[in-house]
Amino acid sequence: MYVKIRYKVENGENMKKIIIRKQDVEEMILHSREQLPNEACGLIAGSDEGDERVIEKVYYLTNTDASNEHFTLDPKEQLQAVKDMRTRGLRPIGNWHSHPESPSRPSQEDKRLAYDSKASYLILSLMEEEPVLHSFHIENGESEKETLEIRD
């Protein structure tokens, strides 16, 4: 199934390019729509290759908050995902979640809870007919859009 994806590439200052496969984005969209009206969430893993951060695996975790405004990753599933990353030789890159009713940008809560300044935070907005995905670097309560590239 082909999913029409709209995204904008904007370069952030001194930020790595985040690369994700189109198939992974389509699966994130489908999973997020299945979780409506709640936010979907998960982890992303991969590798850093020069100035590029490559997402090689997307993990789908349970939002234990069961809310359309915030999420909490299931701790047991989070541990299983990290173990799987180690087994595959991948490293944690960050997390992702959907915004069912708001734009693809970090909320104040997202900024407050972003503890890892090295992580990438992908946010998938479902508020319009065409989903919108962006990646962010969040540090000290400030967010900056990262360059996101979707590849076949």
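We count residues from 1, following the sequence as given. These numbers were taken from a predicted model, which means no experiment stands behind them. All heavy atoms count here, side chains included; hydrogens, waters and symmetry mates do not.
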Gln23, CD atom: more than 12 neighbouring heavy atoms under 6.0 Å: no
Q.
Under the rule for side chain to side chain donor-acceptor pair (under 3.5 Å), what residues qualify as partners of Arg88, not counting sequence neighbours?
A.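 With neighbours one apart ignored, the set is Asp84.
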Hey, does the side chain of [X] reach the backbone of [Y] with a donor-acceptor pair shorter than 3.5 angstrom?
| X | Y | answer |
| --- | --- | --- |
| Ser47 | Glu49 | no |
| Asn63 | Asp65 | yes |
| Ser104 | Ile123 | yes |
| Ser143 | Ile138 | no |

Item to complete: Please check if any side-chain donor atom of Asp110 sits under 3.5 Å from a side-chain acceptor atom of His99, or the reverse.
Response: yes
Taking all non-hydrogen atoms of both residues, which atom of [X] and which atom of [Y] are closest, and how far apart?
| X | Y | result |
| --- | --- | --- |
| Ser32 | Leu126 | CB-CD1, 3.7 Å |
| Leu90 | Glu56 | CD2-OE1, 3.3 Å |
| His31 | Ala40 | CD2-CB, 3.8 Å |
| Gly141 | Lys111 | O-CD, 3.3 Å |
| Ile18 | Ser135 | CG1-OG, 3.6 Å |
| Met127 | Ser102 | SD-C, 3.2 Å |

For the [atom1] atom of [X] and the [atom2] atom of [Y], what is their distance to the nearest 0.5 Å?
| X | Y | atom1 | atom2 | result |
| --- | --- | --- | --- | --- |
| Asn95 | Leu61 | CG | CG | 9.5 Å |
| Leu36 | Ser98 | CG | OG | 7.0 Å |
| His137 | Thr147 | NE2 | OG1 | 13.0 Å |
| Ser107 | His97 | OG | NE2 | 6.0 Å |
| Ile55 | Ile19 | CD1 | CD1 | 9.5 Å |
| Asn68 | Gln35 | CG | CD | 13.0 Å |

(Q) Does any part of the side chain of Arg21, heavy atoms only, come nearer than 4.5 Å to the side chain of Ile150, both counted from C-beta? (A)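 No, too far: nothing below the 4.5 Å cut-off.
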field: Any side-chain heavy-atom pair of Met85 and Pro92 under 4.5 Å
entry: yes
Contacts satisfying side-chain hydrogen bond (donor to acceptor under 3.5 Å, both in side chains) that involve residues 117-127 (not counting sequence neighbours) are Arg53-Ser120, Ser120-Glu146
Return a table of donor-acceptor pairs under 3.5 angstrom between the side chains of residues 75-82 and protein atoms on other chains or two or more places apart.
unit_1 : atom_1 : unit_2 : atom_2 : d
Glu77  : OE1    : Thr62  : N      : 2.5
Glu77  : OE1    : Thr62  : OG1    : 3.1
Glu77  : OE2    : Thr62  : OG1    : 2.7

| query | side chain to side chain contact (heavy atoms under 4.5 Å, CB included) between Met28 and Leu133: does it pass, once the steps are laid out? | reply | CA-CA 10 Å; Met28 288 169 63; Leu133 178 67; 4.3 Å; yes
Of Tyr60, Tyr59, Phe136, the one forming a ring pair (Phe, Tyr, Trp, His ring centres under 6.0 Å) with Trp96 is Tyr60
**OP:** Starting from the C-alpha separation in whole Å, work towards a yes-or-no answer on side chain to side chain contact (heavy atoms under 4.5 Å, CB included) for Leu73 and Thr64.
**Re:** CA-CA 6 Å; Leu73 300 170; Thr64 60; over 6 Å; no
Cationic N near anionic O, under 4.0 Å, Glu52 to Arg151 =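 Salt bridge flag = yes for Arg151 with Glu52.
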Taking NZ, NE, NH1 and NH2 as the nitrogens, is one of them in Asp48 or Arg91 under 4.0 Å from a carboxylate oxygen of the other? yes
- Message: Hydrophobic clustering (ILVMFWY, side-chain heavy atoms < 4.5 Å, transitive) - are Val58 and Val25 grouped together?
- Response: yes
